[in-house]
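To start, the structure under review is shown below, and the notes come after it.
In each ligand, atom 1 is the first atom listed, and ligand 1 is the first ligand listed. Along the sequence shown, residues carry numbers from 1.
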Amino acid sequence: MHLEAPVPEIKVPIIWVLGGPGSGKGTQCDRIVAKYGFTHLSSGDLLRAEVSSGSPRGKELTAIMERGELVPMEVVLDLLKEAIIKALPDSKGFLIDGYPREKEQGILFEKNIAPVNLVLFFDASENTLVERLLGRAKTSGRVDDNEETIKKRLHTFNTHNDQVVQQYPDKLKKINAERNVDDIFAEVTTYLDLLVA
Ligand code: ADP
Ligand code: MG
């Protein structure tokens, strides 16, 4: 636990990237990184890296992630904080992908790290999400890309997300994620161009 360690002042934009599993967060973040050079931190990737490290903390996480549930928020926040501090000297901005998953996580992030500047929410129907995740499952090798866990992850997402987005009415951009990757990205750039102007 490093919650007490101070974070140096962050002068670059912080963007939260929200959306259900399969909504295209990772896909859009790749495009954003290519155009704006931001640092992409996916909470899921950080957690999966911790799992592969074989640490005791990682073993605990495996069981929780296989059930499609949320891991304890201090763990995610710690991993994010470590990654942010490490990248800070060279970073042009941070894309925080898949976090906060619940209202309390957002409050904790802003209290312990820095205020958020922009919240991008990729909105897609449940049918679309299931279809895309089953497509991704063929190649991803992720333990949670199977039909059973997908349903639980969608349920977990739907349970918490409304509360998260309602918390940030002024910073929130709700984006129709049912369109093709290029059209979605075109809308994303309108918001990011304003932010970096
Ligand atoms: P997330 O990071 O939100 O879980 P991903 O970016 O991994 O989502 O996308 C999940 C799957 O959906 C991937 O197989 C990806 O190729 C596909 N995908 C992403 N965006 C779109 C889109 N706009 N239209 C169709 N398929 C998409
Ligand atoms: Mg992702």
Side-chain angles (χ1 to χ4, degrees), residues 14-36 38-52 61-62 64-71 73 75-77 79-80 83-84 87 93-102 105-106 109 116 118-162 164-165 168 172-192:
I14 295 188
I15 300 146
W16 288 346
V17 182
L18 308 183
S23 60
K25 300 182 297 294
T27 304
Q28 292 296 321
C29 282
D30 288 348
R31 299 287 294 265
I32 296 170
V33 169
K35 177 158 182 166
Y36 298 90
F38 293 159
T39 307
H40 177 207
L41 297 176
S42 153
S43 57
D45 289 348
L46 290 171
L47 287 165
R48 284 184 286 276
E50 184 73 18
V51 167
S52 348
L61 294 175
T62 308
I64 299 170
M65 288 163 83
E66 276 174 356
R67 292 197 298 270
E69 294 168 4
L70 295 174
V71 307
M73 61 180 128
V75 176
V76 191
L77 193 72
L79 292 170
L80 277 174
I84 287 172
F94 289 95
L95 291 170
I96 311 294
D97 166 356
Y99 185 100
R101 288 295 228 278
E102 54 190 353
Q105 292 188 354
F109 182 101
V116 64
L118 181 70
V119 181
L120 301 176
F121 167 35
F122 294 108
D123 190 28
S125 71
E126 208 155 308
N127 282 343
T128 300
L129 299 180
V130 172
E131 207 176 287
R132 287 187 193 166
L133 288 172
L134 289 175
R136 186 173 76 182
K138 291 181 192 132
T139 54
S140 74
R142 280 177 48 162
V143 292
D144 55 356
D145 276 349
N146 61 78
E147 195 149 12
E148 176 83 355
T149 308
I150 287 169
K151 289 203 177 116
K152 286 187 190 152
R153 285 160 65 206
L154 285 173
H155 176 75
T156 302
F157 174 77
N158 288 326
T159 307
H160 298 284
N161 188 60
D162 282 352
V164 175
V165 299
Y168 308 93
L172 180 74
K173 303 297 175 193
K174 182 171 165 177
I175 298 164
N176 172 6
E178 301 264 344
R179 297 169 294 164
N180 68 57
V181 172
D182 288 342
D183 288 351
I184 297 169
F185 186 63
E187 181 176 346
V188 166
T189 60
T190 63
Y191 306 129
L192 295 181

### Task
For the residue pair F109 and W16, categorise the inter-ring angle as parallel (less than 30°), tilted (30 to 60°) or perpendicular (more than 60°).
perpendicular
### Message
Show the nearest heavy-atom pair for residues D183 and N180, with the distance to one decimal.
### Response
N-OD1, 2.9 Å
### Query
Do T27 and F185 come within less than 4.5 Å of each other through their side chains, counting heavy atoms only?
no
Ligand 1: protein N/O within less than 3.5 Å of ligand N/O:
unit_1: ligand 1; atom_1: 2 (O); unit_2: G26; atom_2: N; d: 3.0
unit_1: ligand 1; atom_1: 3 (O); unit_2: S23; atom_2: N; d: 3.4
unit_1: ligand 1; atom_1: 3 (O); unit_2: G24; atom_2: N; d: 3.1
unit_1: ligand 1; atom_1: 3 (O); unit_2: K25; atom_2: N; d: 2.8
unit_1: ligand 1; atom_1: 3 (O); unit_2: K25; atom_2: NZ; d: 2.8
unit_1: ligand 1; atom_1: 4 (O); unit_2: G22; atom_2: N; d: 2.8
unit_1: ligand 1; atom_1: 4 (O); unit_2: R136; atom_2: NH1; d: 2.9
unit_1: ligand 1; atom_1: 6 (O); unit_2: G26; atom_2: N; d: 3.3
unit_1: ligand 1; atom_1: 6 (O); unit_2: T27; atom_2: N; d: 2.9
unit_1: ligand 1; atom_1: 6 (O); unit_2: T27; atom_2: OG1; d: 2.7
unit_1: ligand 1; atom_1: 7 (O); unit_2: R136; atom_2: NH1; d: 2.6
unit_1: ligand 1; atom_1: 8 (O); unit_2: G24; atom_2: N; d: 3.2
unit_1: ligand 1; atom_1: 23 (N); unit_2: R179; atom_2: O; d: 2.9
unit_1: ligand 1; atom_1: 24 (N); unit_2: R132; atom_2: NH2; d: 3.4
unit_1: ligand 1; atom_1: 26 (N); unit_2: R132; atom_2: NE; d: 3.4

### Query
Taking only residues two or more places apart in sequence or in another chain, which ones pass side-chain contact (heavy atoms from CB on, under 4.5 Å) with R67?
A63, I64, E69
### Message
Does this structure show an ion pair linking R142 with D45, if we count only N-O contacts that are shorter than 4.0 Å?
### Response
no
### Task
Rounded to the nearest 0.5 Å, what's the gap from CZ on F38 to CD1 on I15? Could you check?
4.0 Å
